[in-house]
Structures are given as C-alpha cells and as structure tokens.
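Structure, as structure tokens:
Please read all numbers here as calculations on a predicted model, not as lab measurements. Residue numbers start at 1 and run along the sequence shown.
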Amino acid sequence: MLEYNPLACLPSSEELPDSDDTPVDNELQDLIPGLLKALLAMAWPERMDWFFGIDMGIYYDPDLPAIVPDGFLSLGVERFYDENLRPSYVLWEEKKLPILALEVVSQTYRGEYSTKKAEYARLGILYYVVYNPFRRRKPRLEVYKLVNNIYEFQDGNPVWLPEISLGIGIERGTYLGIPREWMYWYNQQGQRFLTPEEQAQLAQQRAQLLAERLRSLGIDPDLI
C-alpha cells in the first residue's frame, strides 16, 4: 500500500527565499539582534537546542509569503541545521514555533504596533518584543506575552521571561565600540550578560591585577 506523506508535497527551506529582500533603513535593525544572538551563545555555550534568526523568513503556510522579524528565538530545535546553516525557518520542517519575535522600529513605520503584532499573535508566538529608539515620552521597549490569544503588556525593565529562563531589557552600554542604549539578556537576579568586548576587557583587567599582585610579591609574571 502506497504511503502518503503530505510533507513531501511542501517546498523545503532550500527552495524558499531566505528573507523578504527589504533593505533595513536603520543599522540597529541588524546590530541589536546580532548582540542578542552573541549573548545567547555565551549564556548557553553547551546548549544545542536553540536557534536565533536575524532578518530570516519564517514560513508557516506554503501558499503565503514568509513573515520576517528583525530577530526571533526558537527553543527545542537544532542550533545548527547543517554545515550550510539555515537558509530560512520553515515550520513544517522545524515543527516548533518561535517563542519570541523581535522588531526594531525604524524611521519608516512597518506596522510594528498593528499589523505585525496581530500577525505574530495569530501565529501563536508567545512573546513579542518591540524596541523603538526614537520614542521620547512612551516606553522605548515593549514586551508582550500572548495570553488567551491576546498580547498583554509586561511591565518592567528588564522583563523576566520564565519560559526562556532569561530576562530581556535595555540599558546604556558599549557594543562594537558604540556607546548607546542596547538590548541585553539578563539573569534571574537582574544582572545583564556582558558583551564579548566587555568580557575581554574584564579578563584583561584581571590579568593586570594578577600581574601587579605577583610583582608585589617579588615574582616576575613574565617568567611564569
């Protein structure tokens, strides 16, 4: 008896466009998701069950175009698809919805507070995060959680995300030599994870302190 596999009739990730080919008009749309991805790699060095996509198409229906968040996080999936990595994120292959979608608002409004918010809710993405660096009177960071199919605003900065076991928030810092407000992951105590630059600087400071301590004891650290 011939077995029918409906998935065999659907296009694969290799056959689908990897993004919507819409150029970003704000560099932060790449830098902020890039920082979050780098921080996750340091926070979860041993975990291989997560994926953070940046400007990548999420395909949920073979007859509809992909949705393309600035960033998204999925849990319970392979971190590395194969040596060529993922060309796109296809739900009928991954079988896991992203748990978080991120939008960084640019000078060109793209429906982050209306159509995209409704689309992510309809899809069932648990957390929706919007960062608007141009706001002055309203919160620049908004975190929403899907409750009974409706996004509810989560107060605080950072906001703890129990299903991810991380917090997310904004504060001033330096990344890639740029001092400004950035978005970070936080631990349960509200301490943010250090950027790669900050970790390198901290290691250098510790090495200098150790060298000074050794010299005070009459030991040349260069001879050890």
Side-chain angles (χ1 to χ4, degrees), residues 18-20 22-44 50-60 66-77 79 86 88-89 91 94 96-135 138-147 151-171 173 175-176 178 180-186 192-193 195:
D18 57 0
S19 76
D20 58 0
T22 301
V24 298
D25 58 4
N26 185 331
E27 195 175 4
L28 293 177
Q29 290 173 289
D30 284 331
L31 293 182
I32 286 177
L35 173 56
L36 291 175
K37 185 171 186 174
L39 292 177
L40 277 180
M42 294 187 294
W44 294 340
W50 63 273
F51 174 73
F52 194 94
I54 299 175
D55 192 31
M56 176 180 285
I58 301 173
Y59 286 90
Y60 59 96
I67 57 172
V68 187
D70 290 324
F72 67 89
L73 172 65
S74 287
L75 301 179
V77 298
R79 183 174 173 187
R86 284 175 172 84
S88 56
Y89 192 89
L91 288 184
E94 306 283 355
K96 284 283 186 180
L97 267 176
I99 194 170
L100 180 147
L102 166 69
E103 293 288 351
V104 178
V105 180
S106 66
Q107 292 179 332
T108 303
Y109 179 63
R110 301 176 300 160
E112 288 88 352
Y113 298 103
S114 54
T115 54
K116 285 195 172 185
K117 184 178 177 183
E119 194 169 26
Y120 294 136
R122 185 167 56 252
L123 192 57
I125 294 177
L126 183 61
Y127 287 104
Y128 177 47
V129 180
V130 190
Y131 175 62
N132 187 340
F134 304 102
R135 277 187 163 179
K138 293 183 178 180
R140 290 184 296 280
L141 177 68
E142 295 184 10
V143 179
Y144 295 92
K145 184 174 184 178
L146 195 64
V147 179
Y151 276 128
E152 294 185 355
F153 176 72
Q154 308 294 295
D155 196 19
N157 180 36
V159 176
W160 181 249
L161 314 175
E163 295 83 1
I164 302 175
S165 296
L166 290 173
I168 194 166
I170 53 174
E171 65 177 273
Y175 175 55
L176 299 180
I178 305 168
R180 71 170 317 278
E181 183 178 77
W182 293 102
M183 191 179 302
Y184 301 95
W185 298 110
Y186 293 76
R192 72 173 176 87
F193 290 93
T195 68

- Note: M56 and P69 closest approach over all heavy atoms is O-CD, 3.8 Å
- May I have the step-by-step check of side chain to side chain contact (heavy atoms under 4.5 Å, CB included) for K138 and N132, ending in yes or no? CA-CA 9 Å; K138 293 183 178 180; N132 187 340; over 6 Å; no
- Interatomic distance, E27 atom CD to I32 atom CD1 [nearest 0.5 angstrom]: 10.5 Å
- Task: Check the pair R180, L28 against side chain to side chain contact (heavy atoms under 4.5 Å, CB included), reporting the backbone distance first and the verdict last.
- Result: CA-CA 11 Å; R180 71 170 317 278; L28 293 177; 3.5 Å; yes
- Item | L35 CG to L31 CG distance, which is reported to the nearest 0.5 Å | 8.5 Å
- Task: Would you mind listing every salt bridge (Lys or Arg N to Asp or Glu O under 4.0 Å) that reaches into residues 118-129, with sequence neighbours excluded?
- Result: none
- Geometric cation-pi criterion R192 and Y175, 6.0 Å radius, 45° cone: no
- For the residue pair W185 and L36, what are the closest heavy atoms and their distance? NE1-O, 3.0 Å
Pairs under 3.5 angstrom only: tabulate donor-acceptor contacts from the side chains of residues 155-166 to other protein residues two or more places apart or in another chain.
{"residue": "N157", "atom": "OD1", "partner": "I170", "partner atom": "N", "Å": "2.9"}
{"residue": "N157", "atom": "ND2", "partner": "I170", "partner atom": "O", "Å": "3.0"}
{"residue": "E163", "atom": "OE1", "partner": "Y127", "partner atom": "OH", "Å": "2.4"}
{"residue": "E163", "atom": "OE2", "partner": "K145", "partner atom": "NZ", "Å": "2.9"}

- Modelled atom types, side-chain donor and acceptor of E171 and Y186, under 3.5 Å: yes
- For the atom pair NZ (K96) and CG (L91), what is the distance rounded to the nearest 0.5 Å? 12.0 Å
- Message: Exactly one of F52, F51, F193 should register a side-chain contact (heavy atoms from CB on, under 4.5 Å) with L40. Which one does?
- Response: F52
- Task: May I have the step-by-step check of side chain to side chain contact (heavy atoms under 4.5 Å, CB included) for S74 and E94, ending in yes or no?
- Result: CA-CA 10 Å; S74 287; E94 306 283 355; over 6 Å; no
- Task: Please tell me if the side chains of E181 and L141 come closer than 4.5 Å, counting only heavy atoms from C-beta onward.
- Result: no
- Taking all non-hydrogen atoms of both residues into account, name the closest pair between S106 and E112 and its distance. N-OE2, 4.4 Å
- Between Y128 and L146, is any pair of side-chain heavy atoms under 4.5 Å apart? no
- Message: Rounded at 0.5 Å granularity, tell me how far CD1 in I58 sits from CD1 in I125.
- Response: 5.0 Å
- Atom OH in Y113, atom CD in E142: separation rounded to 0.5 Å? 5.0 Å
- Query: Checking K117 against Y144: charged group under 6.0 Å from the ring centre and within 45 degrees of the axis?
  - Reply: yes
- Message: Would R135 and V130 count as a side chain to side chain contact (heavy atoms under 4.5 Å, CB included) here? Give the steps.
- Response: CA-CA 12 Å; R135 277 187 163 179; V130 190; over 6 Å; no
In a table with atom names and distances, give each donor-acceptor pair under 3.5 Å that connects a side chain of residues 97-104 to protein atoms at least two apart or in another chain.
{"residue": "E103", "atom": "OE1", "partner": "R110", "partner atom": "NH2", "Å": "3.3"}
{"residue": "E103", "atom": "OE1", "partner": "K116", "partner atom": "NZ", "Å": "3.4"}
{"residue": "E103", "atom": "OE2", "partner": "K116", "partner atom": "NZ", "Å": "3.3"}
{"residue": "E103", "atom": "OE2", "partner": "Y120", "partner atom": "OH", "Å": "2.6"}

- Message: Hydrogens and angles aside, do Y59 and S88 bring a side-chain donor and acceptor to less than 3.5 Å of each other?
- Response: no
- Message: Using 0.5 Å steps for rounding, measure from the OH atom of Y131 to the CH2 atom of W182.
- Response: 8.5 Å
